[in-house]
Amino acid sequence: MPPPATAPDEASASRSLVMGVVTDAEGVPFPGVDVTLRDQGDLLFFSGLGDLASDEMPSVDDGSFDRETRTVATDAKGVFSFENSRTDMGGTLDFGGDVLLAGARSAAVDEGVAWQVLRLPRFPRQDALWTIEVVDGEGDPIVVESADLELVALAPEARAARAPWPGERVVTLGSVVQRGLARGTWRMSVTPERALTTSVEWTVTAEDSVGTSTIEVDATEGAYATDSGPTLDADGLAWVDPASGLLDWLPENRVSVGEEALNRHFAQTLAFGPGEVRSAQLTLRLRAMLMNSSNDGLYLEHRGDKAFAWSARIGDLVGPSWKQGAATTLRLDLSRLPRKGEAPFDLRPYLEDGTLDVVIQDDTTIDDLSIRVLR
């Protein structure tokens, strides 16, 4: 077992620099853990959106302030350090959010020490085993390109559980085997070859639970898939097709992928090449920044001025759980987009030019987006 973490010599540690070590419950250094320093320093910027009022795009004309946040990962010895920081400016250290299923733990910056020790809790045994069989309509196994695991709800008694390690998942022909699951409900999203991503859920009731699920997919013979993600423009923002007309009225102070800011718009044109589309799926990883994030809008395919081919409130798509602090992965079948009181909307004819405009307004952070197109 590695030795417990120890502080550096006083001569090499600055009392003004925010630094320290993350350890496990036994005091052993824990490498690769994200530590975020927040609420330290001056206010960075003020963002005002101006007047974008319309029936389609709710008015947002107030502003917001954001404080600086910085994140570093602990090194091989569990050590973290924030350059140009000062312990006498206070602030908060959030740590372990990428390891702990119940979310990051927090500790105040301690001005009285040169070396802060942040300790993770003791992790329980997690031996649950989940096997997902992936087959076509004939029951034959399908090649799996990728599989993504998401926690839906953690059991109250498993609050100190850790996230599964990367090595606890094995993807083979026609199956996904996942170990290391804590008690709670999990969702596995499987992307097979020649098919759209499909999800399945399983609830782990005990550490030694064993579960089996089957996913049957419509794998079209001869079809091929194109996956496209975000691209950046010359200013480092998500690229927007100038021909779409979006840039004529979009606020200049747009947010980037992963950026946390209030009352700001996100806009991106996803490009995947022209041609007839058999099926298509848009995937969005979202986080709600405020209580009123439920009325934020999602708009697809700009049609001129402030008109879009389809739009909806994110709260209507996600449900009542969409409130401050919530996070979700939203997958939309673009051939069957929901519309209140109307038949589903088929966006595929609009995709034949090879692009899709995506706009999100205005207190929702978008951590990632992609489109999967089958032809």
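No hydrogens, no waters, no symmetry mates; every other heavy atom, side chains included, goes into these values.
The closest side-chain donor-acceptor pair between T269 and D357 falls under 3.5 angstrom. Side-chain polar atoms of D34 and T71 form no donor-acceptor pair below 3.5 angstrom.
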Begin with the C-alpha distance, continue with both residues' side-chain angles, and end with the deciding distance and a verdict on side chain to side chain donor-acceptor pair (under 3.5 Å) for D39 and T92.
-> CA-CA 6 Å; D39 297 336; T92 302; 4.5 Å; no
Could you go through the side chain to side chain donor-acceptor pair (under 3.5 Å) check for R331 and Q281 one step at a time?
-> CA-CA 7 Å; R331 288 187 173 85; Q281 184 178 58; 4.8 Å; no
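One N or O on the side chain of Q361 and one on the backbone of G297 form a donor-acceptor pair closer than 3.5 Å.
A salt bridge does not link D24 to R119: none of the charged nitrogens lies less than 4.0 Å from a carboxylate oxygen. A salt bridge does not link D127 to R179: none of the charged side-chain nitrogens sits closer than 4.0 Å to a carboxylate oxygen. Using a cut-off of 4.0 Å between Lys/Arg side-chain N and Asp/Glu carboxylate O, D333 and R336 are scored as salt-bridged. Salt-bridge check for D367 with R285: failed, with every basic side-chain N at 4.0 Å or more from each acidic carboxylate O.
Annotation: W186 is not in aromatic contact with W202 [ring centroid separation under 6.0 Å not met].
Heavy atoms from other residues, nucleotides or ligands lying under 6.0 Å from CD of E138 number 12 at most.
I371 and L330 fall within the same hydrophobic cluster, defined by Ile, Leu, Val, Met, Phe, Trp and Tyr side-chain heavy atoms under 4.5 Å apart, directly or through other members.
Every residue meeting the salt bridge (Lys or Arg N to Asp or Glu O under 4.0 Å) condition with R183, not counting sequence neighbours, appears here in chain and number order: E157, E207.
Classification of the F123-W165 ring pair by plane angle, with boundaries at 30° and 60°, yields perpendicular.
Using a 4.5 Å cut-off on side-chain heavy atoms (C-beta onward), S85 and L37 make contact. No side-chain heavy atom of Q324 sits under 4.5 Å from any side-chain heavy atom of M289.
Considering N253, V255, D363 as possible partners of N263, the one that fulfils the side-chain contact (heavy atoms from CB on, under 4.5 Å) test is D363.
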